[in-house]
Protein chains: 2
Amino acid sequence: MGKALNWREVNSCCDALSEDEETLTREIVTRVADKWTLWTMSMLAESEGPMRFSRVMEKVEGISQKSLTKTLRQLERDGLVTRVVFAEVPPRVEYSITAIGMEMLEQVYPLWQWTANSVGRFQQARANYDRRALD
Amino acid sequence: MGKALNWREVNSCCDALSEDEETLTREIVTRVADKWTLWTMSMLAESEGPMRFSRVMEKVEGISQKSLTKTLRQLERDGLVTRVVFAEVPPRVEYSITAIGMEMLEQVYPLWQWTANSVGRFQQARANYDRRALD
DNA sequence: CAGTATCCAGATCGATACTG
DNA sequence: CAGTATCGATCTGGATACTG
């Protein structure tokens with residue numbers, strides 16, 4: 001059944017958390033699967049410096065203004081990006097990824113890598129499943 | 001800005017994927033954030049042997065029959081769990097985690113670990129943000 | 001026992017229009 | 001430029017009732 005993984009060990013690290021903390025942990029992990037969050041973070045991560053709202057919007061193709069605003073506000077609230085407003089006309093707002101944001105990307109990277117590398121196996125599994133459904 | 005991470009490298013592993021493959025990859029990663037999927041997998045992972053539907057339902061506290069069925073069917077389709085039906089009365093159906101399912105849990109584990117360990121920093125970030133909002 | 005079928009409430013997200 | 005406000009389509013998930 002594959003390499004042994006002591007799942008109790010995994011749970012034990014979470015058992016130490018209060019209910020609030022567990023909720024927050026789940027919330028953060030959930031962001032990983034959000035349609036836009038990781039993409040937005042990665043655009044900020046690969047940028048040389050801060051990015052304006054409109055540039056992020058260009059880079060994250062297909063995102064609506066509303067969704068980008070929401071995504072960036074969540075990231076800011078959780079300390080994963082910074083938002084700096086300049087008192088100019090027209091307004092300028094600059095976004096940057098934070099150290100903890102980079103850390104988080106590093107954690108997520110292996111999962112994406114593994115999943116992308118395993119995509120053939122998943123396709124195969126689905127093909128088998130769907131074929132069997134024709135019984 | 002934290003330890004350097006070459007995010008282009010991350011993207012490069014995905015650029016090699018077709019659109020279909022990328023969609024599937026995203027779909028699988030999305031499961032990680034699903035309310036019940038990881039919990040269900042971990043219950044099967046820590047079980048000594050196969051589990052019946054009703055036992056899984058007991059272990060995954062709070063899940064509805066409908067959601068458990070859906071979760072298990074998705075997992076089965078993607079080859080992450082197996083489902084064996086016994087032709088008995090009353091019916092017996094046994095679920096087990098697969099090797100690839102265990103592999104996936106191993107990938108997800110570091111992310112949860114890191115997030116749980118970082119929960120204090122996230123709480124702090126939110127407290128700062130919410131306080132600042134009282135300007 | 002292990003589901004399926006149906007209904008319904010809440011969240012999500014895009015499109016569109018408007019604003020300091 | 002960088003948003004906010006509003007509407008409507010879609011998705012999700014729980015509760016409930018029913019079945020081979």
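Lettering follows sequence order; numbering is per chain, from 1.
Taking 4.0 angstrom as the limit, B:Arg52 places a side-chain polar atom (N or O) nearer than this to OP1 or OP2 of C:dA2. Between B:Tyr95 and the phosphate of C:dC1, there is no side-chain N or O to OP1/OP2 separation shorter than 4.0 Å. When the side-chain nitrogen and oxygen atoms of B:Arg73 are compared with OP1 and OP2 of C:dA2, none of them lie within a distance under 4.0 Å. Distances shorter than 4.0 Å separate some side-chain N or O of A:Arg83 from OP1 or OP2 on D:dG3.
In this structure, A:Glu58 places its CD atom 12 Å from C1' of D:dC1, rounding to the nearest Å. Counting to the nearest Å, the P atom of D:dA2 and the CD atom of A:Glu76 are 15 Å from each other. In this structure, A:Glu94 atom CD and D:dA2 atom P are separated by 9 Å, rounded to whole Å. One interatomic measurement links the two molecules: CZ of A:Phe53 to C1' of D:dC1, which rounds to 9 Å at whole-angstrom precision. Taking atom CE on B:Met57 and atom C1' on C:dA2, their separation rounds to 10 Å, with Å as the unit. Taking atom CD on B:Gln74 and atom P on D:dC11, their separation rounds to 14 Å, with Å as the unit. One atom, CE of A:Met51, and another, C1' of D:dC1, lie 15 Å apart when rounded to the nearest Å.
Atom OG1 in B:Thr69 sits 11.5 Å away from atom CD in B:Gln74 (nearest 0.5 Å).
Here the side chains of A:Phe122 and B:Ile100 are in contact, with some heavy-atom distance below 4.5 Å. Taking 4.5 Å as the limit, every side-chain heavy atom of B:Thr40 sits out of range of all side-chain heavy atoms of B:Tyr95. B:Leu80 has its side chain out of reach of B:Arg31: every pair of non-hydrogen atoms, C-beta onward, lies at least 4.5 Å apart. For the pair A:Leu105/A:Ile97, a side-chain contact is recorded, criterion being any heavy-atom separation below 4.5 Å from C-beta on.
Proximity of a side-chain donor or acceptor of B:Thr30 to a complementary backbone N or O of B:Arg26 within less than 3.5 Å is detected.
The only option from A:Arg77, A:Glu94, A:Arg73 that meets the side-chain contact (heavy atoms from CB on, under 4.5 Å) definition with A:Arg83 turns out to be A:Arg73.
Considering only the side chain of B:Ser54, C:dA2 comes nearest among C:dA2, D:dG3, C:dG3.
Taking a cutoff of 4.0 Å between a charged side-chain nitrogen and a carboxylate oxygen, A:Glu103 and B:Arg121 qualify as a salt bridge.
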Q) Which parts of nucleotides 8-20 of chain C does protein reach within less than 4.0 Å, heavy atoms only, written one letter per nucleotide 5' to 3' as B for base, S for sugar-phosphate only and - for none? A) -----BBB----B

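Using a 4.5 Å cut-off between side-chain heavy atoms of Ile, Leu, Val, Met, Phe, Trp and Tyr, B:Val89 forms no hydrophobic cluster with any other residue.
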Q.
Could you write out DNA chain C as dot-bracket? Rules: Watson-Crick or G-U wobble, both distances under 3.5 Å, brackets [ ] for crossings, | for pairs with another strand, dot for unpaired.
A. ||||||||||||||||||||

